[in-house]
Amino acid sequence: MTGIITLKIAMRALIRNKARSLLTALGIIIGIAAVIAVVAVGQGASVTMQKQINSMGNNLLIIFPGSQKAGGFHGGAGTQQTLTAEDGEAILKECPLVRAMTPLVRSGAQCIYRENDWATSVQGVDVSYQEVRGWDVASGSFFTDSDVRSASRVCVIGKTVAEQLFQGEDPVNQTIRIKNMPFRVMGVMTSKGSAAWGQDQDDTIIAPYTTVRRVLQNSAFNNVSQLMLSLISMDILPQAKEEISQILRQRHRLNASTDNDFTLTDMTEVTQMITQVSSLMTMLLTVIASISLVVGGIGIMNIMLVAVSERTREIGLRLAIGARRRDILMQFLAEAVALSGAGGLIGIALGISTANIIARINHWPVMVSPGAVLIALTFSAGVGIFFGFYPAWRAARLNPIESLRRE
Amino acid sequence: MLIALRQISKVYHMEEVDVPALQGVSTNIAAGEFVAIMGHSGSGKSTLLNLLGCLDRPDSGTYLLDGCEVDRLGSDALAAIRNRKIGFVFQNFNLLPRTTALENVELPLYYGPKISSAERHDRARTLLIRLGLKDRLGHHPGQLSGGQQQRVAIARALVNQPPLILADEPTGNLDSRSADDIMALFQELNREGITIVMVTHEPDIARFAKRVIQMKDGKIV
Ligand SMILES: Nc1ncnc2c1ncn2[C@@H]1O[C@H](COP(=O)(O)OP(=O)(O)OP(=O)(O)O)[C@@H](O)[C@H]1O
Ligand SMILES: [Mg+2]
């Protein structure tokens with residue numbers, strides 16, 4: 001008998017007992033569906049997170065004032081605001097691993113354009129902010145070096161702010177009031193979407209840091225909230241961190257026994273965390289999948305044993321008319337594999353549709369990887385072979401005379 | 001000689017006792033014979049027929065089928081002999097339930113040399129039509145009378161064109177009219193050259209055979 005005919009006959013035997021076959025395959029169906037759905041959603045989520053991290057900037061390294069040991073980045077260290085724009089310039093000049101640098105000062109502010117008002121955050125930065133964050137203007141232009149030097153009252157705005165204040169009007173070259181002071185809008189940034197922690201990155205106003213400090217914060221000090229650096233590559237991160245630390249320690253005149261009065265933060269920790277979470281999830285899934293496949297497999301074994309004893313006379317007859325023991329073995333093995341394989345296929349279909357529904361609700365992308373589908377199919381067929389073998393072997397070992405005599 | 005048996009013995013071993021089912025049976029059956037095996041219940045008729053059908057092996061003695069010493073063959077070779085040289089007809093028909101008459105007849109063809117499904121259908125249909133079941137090709141066994149079921153079973157036994165038909169009480173479950181029909185069919189097949197060995201209790205049925213072998217206590221008398 002050829003494989004195709006064997007499989008066809010097996011399928012027919014299963015269809016003859018539709019309800020029983022479906023119930024038996026349910027373990028496999030649910031297990032495979034769960035794995036496919038969770039993998040698809042999980043991969044979609046992890047890709048989204050990775051994208052959001054990348055949207056933070058190009059090879060980003062952020063320096064906060066205050067030591068980590070002093071309790072958090074800002075708290076506790078708030079009194080000793082030690083980081084200045086000059087620190088940043090020194091780093092840029094002395095460390096060749098740093099490609100671009102911008103200081104950043106923050107201020108929350110109420111903004112008004114005509115009768116529209118909107119509360120948002122104002123980021124004071126340098127021109128190279130564009131390069132550090134990999135963020136371009138969509139219309140108009142960014143402010144220039146001379147704007148920064150002269151602390152002009154100009155700004156570019158994020159897409160959300162443009163929508164809230166201008167509501168369809170072209171914001172370029174219009175004047176808005178930030179904390180009641182007039183700023184000219186030079187451009188609108190492209191959309192960056194939400195950050196990894198869900199914050200809307202487009203809900204912001206970007207202005208020269210000199211202007212923010214002098215006009216909005218009314219500060220006489222040189223301090224900045226952070227320095228954002230773009231490294232030439234992420235591979236040299238440890239070396240860059242070391243060199244930057246040395247430069248800052250020297251500039252801040254820290255002796256060997258003193259801790260850093262600044263903190264270097266990069267995105268590798270976040271990336272690592274995501275990888276860790278996703279590998280943990282994969283492990284968990286593997287365990288769940290294995291359990292459900294084993295449970296499903298035992299169900300198949302059980303029902304195949306029942307089928308063998310129900311069809312003892314059929315087996316005896318087949319042996320009498322010329323079936324070899326191998327043919328009987330293959331027949332029942334094919335039934336088990338068809339059962340688990342069909343279960344796997346249904347499970348995959350169910351898993352993909354479940355993932356799509358979850359994705360539709362949560363606005364995540366779904367990533368159904370062909371690899372996962374292939375593995376699922378292989379495993380379900382494997383379960384059929386493994387758990388179907390014993391019943392099939394019992395069938396093949398039956399004595400034809402006794403089998404034919406069975407009622 | 002189609003069948004030559006020499007000193008065939010078979011003992012069933014129960015927990016405590018040994019049951020000698022066949023004790024030194026020797027006989028010849030030529031091609032083209034129609035033999036009825038008779039004897040009391042437990043005299044070893046079925047045991048002998050199962051040995052002839054290569055479903056079982058003797059404990060001692062030799063069995064030549066068509067010149068071939070079958071008790072030396074492996075189980076795959078025996079399966080091939082059952083498939084090509086022997087057609088079985090049983091008292092309880094042994095048709096697959098919920099399977100059409102046509103598919104039941106096709107069954108032995110799956111275990112023989114590869115043929116196309118068209119040829120498979122063709123051979124089964126031709127046989128069923130010949131046995132008067134033209135309108136019953138798609139019927140399941142449950143939808144057929146006993147006589148019709150036995151005719152389907154005979155078609156199945158014939159589909160591989162074997163030289164030998166073995167029948168264990170083929171009329172045991174039939175009324176006398178159907179039984180006579182089946183016997184007429186056997187005689188017709190026998191006239192065409194097929195050797196038939198049939199076990200029966202009933203002298204009325206044994207009448208149809210050309211020769212009767214009487215058995216008693218595992219021996220031919
Ligand atoms: N599987 C078996 N195990 C033990 N003893 C058996 C077995 N099969 C048959 N026997 C015994 O062997 C003897 C011959 O049995 P067999 O079935 O050949 O008789 P039979 O002539 O066909 O009888 P019947 O006319 O009732 O069908 C009987 O005594 C029976 O009890
Ligand atoms: Mg008997």
Side-chain angles (χ1 to χ4, degrees), chain A residues 1-21 303-304 306-335 338 392-407, chain B residues 10 12 21 46-57 74-100 103-117 120 140-141 153 155-160 162 166 168:
Chain A
M1 261 206 248
T2 65
I4 297 164
I5 292 178
T6 311
L7 216 61
K8 225 155 90 186
I9 291 173
M11 286 310 281
R12 219 184 302 160
L14 295 181
I15 289 166
R16 215 167 265 164
N17 283 309
K18 274 187 218 79
R20 187 164 96 177
S21 302
I303 220 69
M304 288 312 294
V306 170
V308 169
S309 92
E310 275 178 353
R311 283 153 64 190
T312 301
R313 279 226 295 182
E314 173 187 332
I315 295 162
L317 174 83
R318 285 179 186 271
L319 288 169
I321 61 170
R324 295 164 302 176
R325 301 208 171 272
R326 184 174 349 150
D327 294 323
I328 302 294
L329 184 87
M330 288 312 288
Q331 183 189 341
F332 281 90
L333 210 50
E335 263 174 54
W393 177 77
R394 285 212 5 190
R397 248 179 27 137
L398 285 175
N399 177 315
I401 298 166
E402 281 165 20
S403 306
L404 280 168
R405 216 179 273 152
R406 186 83 80 82
E407 278 317 306
Chain B
K10 178 85 190 174
Y12 289 109
S46 296
T47 306
L48 180 62
L49 205 71
N50 288 335
L51 285 170
L52 291 176
C54 301
L55 286 169
D56 209 351
R57 292 171 190 274
S75 75
D76 282 5
L78 288 181
I81 286 179
R82 289 197 296 267
N83 184 242
R84 266 148 257 181
K85 298 215 165 149
I86 299 166
F88 286 96
V89 179
F90 306 92
Q91 176 176 357
N92 55 7
F93 322 132
N94 274 323
L95 298 173
L96 295 195
R98 288 185 287 173
T99 306
T100 64
E103 287 171 320
N104 263 295
V105 175
E106 284 177 12
L107 216 54
L109 298 173
Y110 285 106
Y111 300 110
K114 228 169 259 172
I115 58 170
S116 71
S117 64
R120 201 160 50 225
H140 291 176
R156 181 181 63 196
L158 293 172
V159 77
N160 259 330
L166 299 176
D168 196 347

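Naming convention: chains lettered A, B, ... in sequence-line order (proteins, then strands); numbering from 1 in each chain.
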**Request:** Determine the sole option in B:N92, B:N50, B:N94 for which the side chain to side chain contact (heavy atoms under 4.5 Å, CB included) test with A:L404 is passed.
**Result:**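 Running side chain to side chain contact (heavy atoms under 4.5 Å, CB included) over B:N92, B:N50, B:N94 with A:L404 returns exactly one hit, B:N94.
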
**Item:** A:R325, CZ atom: more than 12 neighbouring heavy atoms under 6.0 Å
**Value:**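 More than 12 within 6.0 Å, yes.
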
**Prompt:** Would you find more than 12 non-hydrogen atoms of other residues, nucleotides or ligands less than 6.0 Å from B:R57 atom CZ?
**Reply:**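 Atom CZ in B:R57 is packed in, count exceeds 12.
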
**Prompt:** Any side-chain heavy-atom pair from B:R156 and A:L317 closer than 4.5 angstrom?
**Reply:**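 Side-chain contact under 4.5 Å: yes.
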
Rounded distance (nearest 0.5 Å) linking atom [atom1] of [X] with atom [atom2] of [Y]:
| X | Y | atom1 | atom2 | value |
| --- | --- | --- | --- | --- |
| B:D56 | A:N399 | CG | CG | 6.5 Å |
| A:I401 | B:L51 | CD1 | CG | 7.0 Å |
| A:I5 | B:S117 | CD1 | OG | 7.5 Å |
| B:T99 | A:R16 | OG1 | CZ | 4.0 Å |
| B:D76 | A:R326 | CG | CZ | 4.5 Å |

**Message:** Applying side chain to side chain contact (heavy atoms under 4.5 Å, CB included) to A:I9 and B:E103, what does each step give before you reach the verdict?
**Reply:** CA-CA 11 Å; A:I9 291 173; B:E103 287 171 320; over 6 Å; no

**Item:** Residues B:Y110 and A:R318: side-chain donor-acceptor under 3.5 angstrom
**Value:**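 No, no side-chain donor-acceptor pair sits under 3.5 Å.
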
**Message:** Show, in sequence, the C-alpha distance, side-chain angles and deciding distance for B:L107 and A:E314, and conclude whether the side chain to side chain contact (heavy atoms under 4.5 Å, CB included) test is met.
**Reply:** CA-CA 11 Å; B:L107 216 54; A:E314 173 187 332; over 6 Å; no

**Prompt:** What heavy-atom pair brings B:Y111 and A:G322 nearest, and what distance separates the two atoms?
**Reply:**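 In this case the closest contact between B:Y111 and A:G322 is CB-O, 3.6 Å.
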
**Asked** For B:R84, is it the side chain, the backbone, both, or neither that has a heavy atom closer than 4.5 Å to a heavy atom of chain A?
**Response**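 Contact with chain A involves no heavy atom of B:R84 at all.
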
**Most contacts with chain B, counted as non-hydrogen pairs under 4.5 angstrom, among A:G316, A:A323, A:P400** =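 Highest number of heavy-atom pairs under 4.5 Å: A:A323.
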
